[in-house]
2 protein chains.
Amino acid sequence: MEMPRAQPLYRQTKAALMRRMVDGRWRAGDMLPAEPALAAEFGVSQGTVRRALDELAQINLVVRRQGKGTFVAEHTRERALFHFFHLVGDDGKRALPGSRMLSMKAGAATREESRRLKLAAGTRVVRLHRLRMLDGRAAIVERIVLPASLYDGFERLDRASLPNELYKLYQERWGVTVARAAEKLKSALAGPEDAAHLGLRSGAPVLEIDRIAYALDGNPCEWRVSRCDTSAHHYVSEVV
Amino acid sequence: MEMPRAQPLYRQTKAALMRRMVDGRWRAGDMLPAEPALAAEFGVSQGTVRRALDELAQINLVVRRQGKGTFVAEHTRERALFHFFHLVGDDGKRALPGSRMLSMKAGAATREESRRLKLAAGTRVVRLHRLRMLDGRAAIVERIVLPASLYDGFERLDRASLPNELYKLYQERWGVTVARAAEKLKSALAGPEDAAHLGLRSGAPVLEIDRIAYALDGNPCEWRVSRCDTSAHHYVSEVV
DNA sequence: ACTCATATGTCTTATATATGACTTTGTAAC
DNA sequence: GTTACAAAGTCATATATAAGACATATGAGT
């Protein structure tokens, strides 16, 4: 009699592969060893490794390219746009957003911030406030909260030089890869401040997107609330 | 020299299997033949059939149950709720909606309706107007447009007896299975009529969900616009 | 009737092997 | 130099085989 394995072999292999990405042994953009090499190393068949890699490719943690190899996924502009940015022009065209940083401050996490980011109360956080443009017009006001411990030295960066694609920055500078995100959407009315930034009248309808981003290790690594003017754009969602 | 096949064998097999569901040879809930039987019939290996079935399972067209068999997916309440209904209470609990039909009319499709449903201009459509409840309170106003040709005799149904889960009705009565849907979300202000139905003041913010549902054959089979009161609920979206 | 063991049929996991397709690199020919 | 071709390395496809896990039916024994 043998205890039933908790997980099939290919899932154990998948978890082992993932651990190497989490602990930084393989970093974004790195090429993984070839399938037969991985199979030999883990003591399983190539088919088992393939199945593990296929599942990792499915959740966009690796990219497989026939003839070239398997690579740890990077946050490119395309990936950010297609996977993490769901606002699209009403004509169907995706406009990639520009952005202007309004403010950056650090401080102790509020009760709400520590709840959403799963931090101990009072942990230090960095708060960003920025305006994003679509087709040259102000369309989104974003408030971003980051656990300061994850992004060492963030507060000392020049806020004017922060890039448009923050996820890429997190990954390149601190090895924090956003693996997935959970979004909650509501309809709200623009307050005076948001309305001014967006060039709307106070009381205009805005779409509020509340997003928690999760790192490879499963922990929250960003809380972002975006208020969007949806008069010329809309949020798209594919349901299968 | 051989012409490269347009599609690998497992995709051809997948398409062949899908055709049998589209043409009604296999209907919702039916059990498919076992893998070795399918492999023999199509003249491919069991592994190839497995891969085709796995992809069908991935897009929720079949359900695989170890030890029992592979079944054509049905629109159960759970499936409708988890896959096609994205409004969740702010406390995280999913409330399954009740509904009250307000009106049902048939007529010639407007230009917009025929564009969205890909119908010839002037084709006959059925229009439904209903109110949906969450936790006993009016929360959603829905306007639904159906191509009359797909749902023969729909207009003659008793509108008071229409079920809550329309997708199940489409499937059971007309063999129309909703395979996927594309949603567009916007923030809007409640007009006087919607506000009255929802118990809101006019000018309150509502979330507008514009959904085209596609049948197995890839053609649109329903256009639905839902206006939702998101003061106590929100729309959830998982990003991978 | 009820229980239990067994048999059967199903999907699931795991391995091995062979072939094809794609990419890069090295090398020979020009 | 440049081109053309061959070779090697990679993932992708397809097959075959075996054993495990799960569900249900069957029948013996009580």
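In what follows, chains are A, B, ... by sequence order, proteins preceding strands, each numbered from 1.
Residue A:Lys68 has no polar side-chain atom (N or O) positioned under 4.0 Å from OP1 or OP2 of D:dC11. The phosphate of D:dT13 (OP1 or OP2) has no side-chain N or O of B:Thr48 nearer than 4.0 angstrom. Contact check, B:Arg64 against C:dT12: a side-chain N or O comes under 4.0 Å of OP1 or OP2.
B:Arg51 comes within 4.0 angstrom of sugar-phosphate atoms only, judged by non-hydrogen atoms across all strands, and of no base. B:Glu35 comes within 4.0 angstrom of a base, heavy atoms only. Among the heavy atoms of the strands lying under 4.0 Å from A:Arg65 are primed sugar atoms or P, OP1, OP2 only; no base atom is included.
Here the C1' atom of nucleotide D:dT15 and the CZ atom of B:Phe42 are 18 Å apart, to the nearest Å. For the pair A:Asp54 CG and C:dT13 C1', the interatomic distance rounds to 15 Å; values are reported in whole Å. The CD-C1' distance, from B:Gln46 to D:dA14, rounds to 13 Å in whole Å. In this structure, B:Arg50 atom CZ and C:dT13 atom C1' are separated by 8 Å, rounded to whole Å. We find that CG of B:Leu38 is positioned 17 Å from C1' of D:dA14, with the value rounded to whole Å. Between the P atom of D:dA21 and the CD atom of A:Gln7 lies a distance of 14 Å, rounded to the nearest Å. Here the P atom of nucleotide D:dA14 and the NZ atom of B:Lys14 are 13 Å apart, to the nearest Å. Straight-line distance from the CG atom of B:Leu9 to the C1' atom of C:dA21: 16 Å, rounded to whole Å.
Sequence order on DNA chain C of the closest nucleotides to A:Gln66 and A:Gly47 puts A:Gly47 first from the 5' end. In terms of position along DNA chain C, the nucleotide closest to B:Ala34 lies nearer the 5' end than the nucleotide closest to the other residue of the pair B:Ala34 and A:Tyr10.
In this structure the side chain of B:Leu162 reaches within 4.5 angstrom of the side chain of B:Met104, judged on heavy atoms. By the 4.5 Å heavy-atom criterion applied to side chains, A:Glu222 and A:Tyr214 are not counted as neighbours. Counting only heavy atoms from C-beta outward, the side chains of A:Arg65 and A:Phe71 approach each other to under 4.5 Å.
Counting heavy atoms of neighbouring residues, nucleotides and ligands inside a 6.0 Å radius, atom CZ of A:Arg27 does not exceed 12 of them.
Ranking C:dT15, D:dT15, D:dC11 by closeness to the A:Thr70 side chain, first place goes to D:dC11.
Residue A:Met21 is tested with A:Val62, A:Asp217, A:Leu32 for a side chain to side chain contact (heavy atoms under 4.5 Å, CB included); the sole match is A:Val62.
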